[in-house]
There are 2 protein chains.
Amino acid sequence: MSDGRRPAPARGRPRDAARDVAILEATLLVLTEVGYDQLTIDAVAARAGVGKPTVYRRYPGKPALVAAAVEHRAPGTPPATPPGDLRAALLVTVQWLADQIAEQEIGLLGALFTGMRSDPGLAAEMRRIRRRDEAAMTEGPFRNALESGERLVPGAAELFAEIAPAVIVHRLVVAGQSCDHAFVDHLVDDILLPLLRRR
Amino acid sequence: MSDGRRPAPARGRPRDAARDVAILEATLLVLTEVGYDQLTIDAVAARAGVGKPTVYRRYPGKPALVAAAVEHRAPGTPPATPPGDLRAALLVTVQWLADQIAEQEIGLLGALFTGMRSDPGLAAEMRRIRRRDEAAMTEGPFRNALESGERLVPGAAELFAEIAPAVIVHRLVVAGQSCDHAFVDHLVDDILLPLLRRR
DNA sequence: CTATTATGTTACGCGCCAGTTTCGTTTCGT
DNA sequence: ACGAAACGAAACTGGCGCGTAACATAATAG
């Protein structure tokens, strides 16, 4: 094939990379603030300090823009956990996870909820990203625990990734309550530790 | 006070009660099909076989209509569970719960997700209804279990209501996978039974 | 310098939906 | 019979967001 299309002669004024990231970050902001349906291109452009055609020059429409923004978003890294103490590691990780979900993920979940009907491709993309993030979020505590001789059930990491985010999201959205310290203690002591420790 | 306002002289043609329920059920249908944001009064009226002013004569707008529809909705009753066998009761109840959520609740959760931003009152109403439904859904298995000598941890019913719907919703929405038989077995055997049985 | 492209501003046409109004008809209470 | 109110159909106004186009200007490659 020998490169069917040249990668654009690039003659003329080049695109501003700073505006690229400004658009993506503004999209994430608006998305978490008002949700997917209420997100308008005008609002994103205004928030990014950019003209509307500048957005449309990069993305054909809302689904592609949101997908690119979610892709661009860097997931937070979980805090380092003290080795040798599974309970302490779980407490720290769960609290951090709850904060992350309450601050950012809720808006993305809303986008997933509503966008999945209109655009299955976007839904698949969102699920891919979320799996990547959850994997990164739940890997920390178990590496330490395993190396320090804790006796865990097989598949403990998968079980944690399956239960902890689910219960946290359920409490935030359905119950409408915040994930305070008492809730984190409850989740760790009454649910996670009894399940994950080898019985 | 002695009745400040008379309850409407009711002179003229009375409202048709059949149209009342037609409107509410059409609202639930459209809501689960297209979600809260995409729901239009015209679509509801058309689905109900009713003129648009007939809807506006009863409700001032979309939030009130949706709230009334969710209030009107009767939650399904969980199937009777075999007494004396906690595992069998959990399997039946969890499978039924998963089907219920997959068929109906997902749409209502989407409405909760998106409507909660625009109308906090609607969100509170939805949460109240959902608590009522979840309580009705999770009461069955434990009454039988307790009467038949199963040794359960204290607060087992609350724990079940906290975990089972959360994991089911998480799988349906985030993972995008159906709750088949294997998943129900996994949820019961690997998560619920180890947690609920007195250790 | 010149051609070429990006950018901002502004404006436009289009479609969709909200909420209201009008009108002719129907159904009730009195 | 008579008046009042609900009903369906249709039309209507208004707002809003989409996606595009028209300009003038800025930045860059050659």
Side-chain angles (χ1 to χ4, degrees), chain A residues 5-27 29-31 33-69 111 114-115 117-119 122, chain B residues 5-27 29-31 33-69 111 114-115 117-119 122:
Chain A
R5 42 143 185 64
R6 272 170 297 175
R11 193 168 54 194
R13 178 177 177 177
R15 284 189 185 168
D16 191 343
R19 285 178 172 90
D20 288 343
V21 308
I23 290 174
L24 293 181
E25 291 177 356
T27 303
L29 273 177
V30 178
L31 186 63
E33 279 179 8
V34 304
Y36 179 83
D37 294 275
Q38 310 296 333
L39 177 142
T40 67
I41 306 291
D42 300 77
V44 170
R47 182 67 66 96
V50 153
K52 188 162 52 158
T54 301
V55 179
Y56 276 106
R57 206 170 285 120
R58 289 164 168 76
Y59 307 99
K62 191 199 285 192
L65 172 62
V66 171
T114 59
R117 263 186 278 263
S118 52
D119 193 327
L122 174 60
Chain B
R5 45 151 180 59
R6 271 170 299 175
R11 194 169 50 195
R13 178 178 178 176
R15 286 189 185 167
D16 191 343
R19 285 179 172 89
D20 288 342
V21 309
I23 290 174
L24 293 181
E25 291 177 357
T27 302
L29 273 177
V30 178
L31 185 64
E33 279 179 9
V34 304
Y36 180 84
D37 294 276
Q38 311 297 334
L39 178 142
T40 68
I41 306 291
D42 300 77
V44 170
R47 181 68 66 95
V50 153
K52 187 160 56 158
T54 301
V55 179
Y56 276 107
R57 208 171 283 122
R58 288 164 168 75
Y59 307 98
K62 190 199 288 192
L65 172 63
V66 171
T114 59
R117 263 185 279 262
S118 53
D119 192 327
L122 175 60

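Chain letters run A, B, ... following the sequence lines, proteins first and then strands; every chain starts at 1. Worth knowing before you read on, the calculation uses all heavy atoms, side chains too, and leaves out hydrogens, waters and symmetry mates.
Considering all non-hydrogen atoms of both residues, B:Thr27 and B:Ile23 come closest at OG1-O, 2.7 Å. Across all non-hydrogen atoms, the minimal contact from A:Leu24 to A:Tyr59 is CD2-OH, 3.4 Å. In terms of heavy atoms, B:Leu39 sits closest to B:Val34 at N-CG2, 3.9 Å. Between A:Leu122 and A:Pro63, the closest heavy-atom pair is CD1-O, 4.1 Å. Scanning all heavy atoms of the two residues, the minimum distance from A:Ala48 to A:Ala22 falls at CB-O, 3.6 Å. Summarising the geometry of A:Lys62 relative to A:Asp37, their closest heavy-atom pair is NZ-O, 3.4 Å, with the distance given to 0.1 Å.
In this structure, the side chains of B:Arg57 and B:Arg19 stay at 4.5 Å or more apart for every pair of heavy atoms.
Comparing A:Asp16 and B:Gly61 along DNA chain C, the residue whose closest nucleotide (by nearest heavy atom) sits nearer the 5' end is A:Asp16.
Counting to the nearest Å, the C1' atom of C:dA18 and the OH atom of B:Tyr36 are 13 Å from each other. If you measure from atom CZ of B:Arg11 to atom P of C:dT30, you get 9 Å, rounded to the nearest angstrom. Rounded to whole Å, atom P of D:dC18 lies 10 Å from atom CG of A:Leu65. A straight line from CG of A:Asp20 to C1' of C:dA6 spans 11 Å, rounded to a whole angstrom.
Remark: A:Asp20 engages A:Arg58 in a salt bridge, criterion side-chain N to carboxylate O under 4.0 Å.
Remark on the helix from C:dC1-D:dG30 to C:dT30-D:dA1: inter-end axis angle 20°, axes from five-pair C1' superpositions, rounded to 10°.
Between the side chain of B:Arg13 and the base of D:dA6 there is at least one donor-acceptor pair of N/O atoms closer than 3.5 Å.
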Could you list the protein-to-nucleotides 8-12 of chain D atom pairs, N/O on both sides, closer than 3.5 Å?
residue, atom, partner, partner atom, Å
D:dG8, OP1, B:Arg19, NE, 3.0
D:dG8, OP2, B:Gly51, N, 3.0
D:dG8, OP2, B:Thr54, OG1, 2.4

Could you run down the sub-3.5 Å N/O contacts of the protein with nucleotides 15-17 of chain C?
none

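The phosphate of C:dT7 (OP1 or OP2) has a side-chain N or O of A:Arg58 nearer than 4.0 angstrom.
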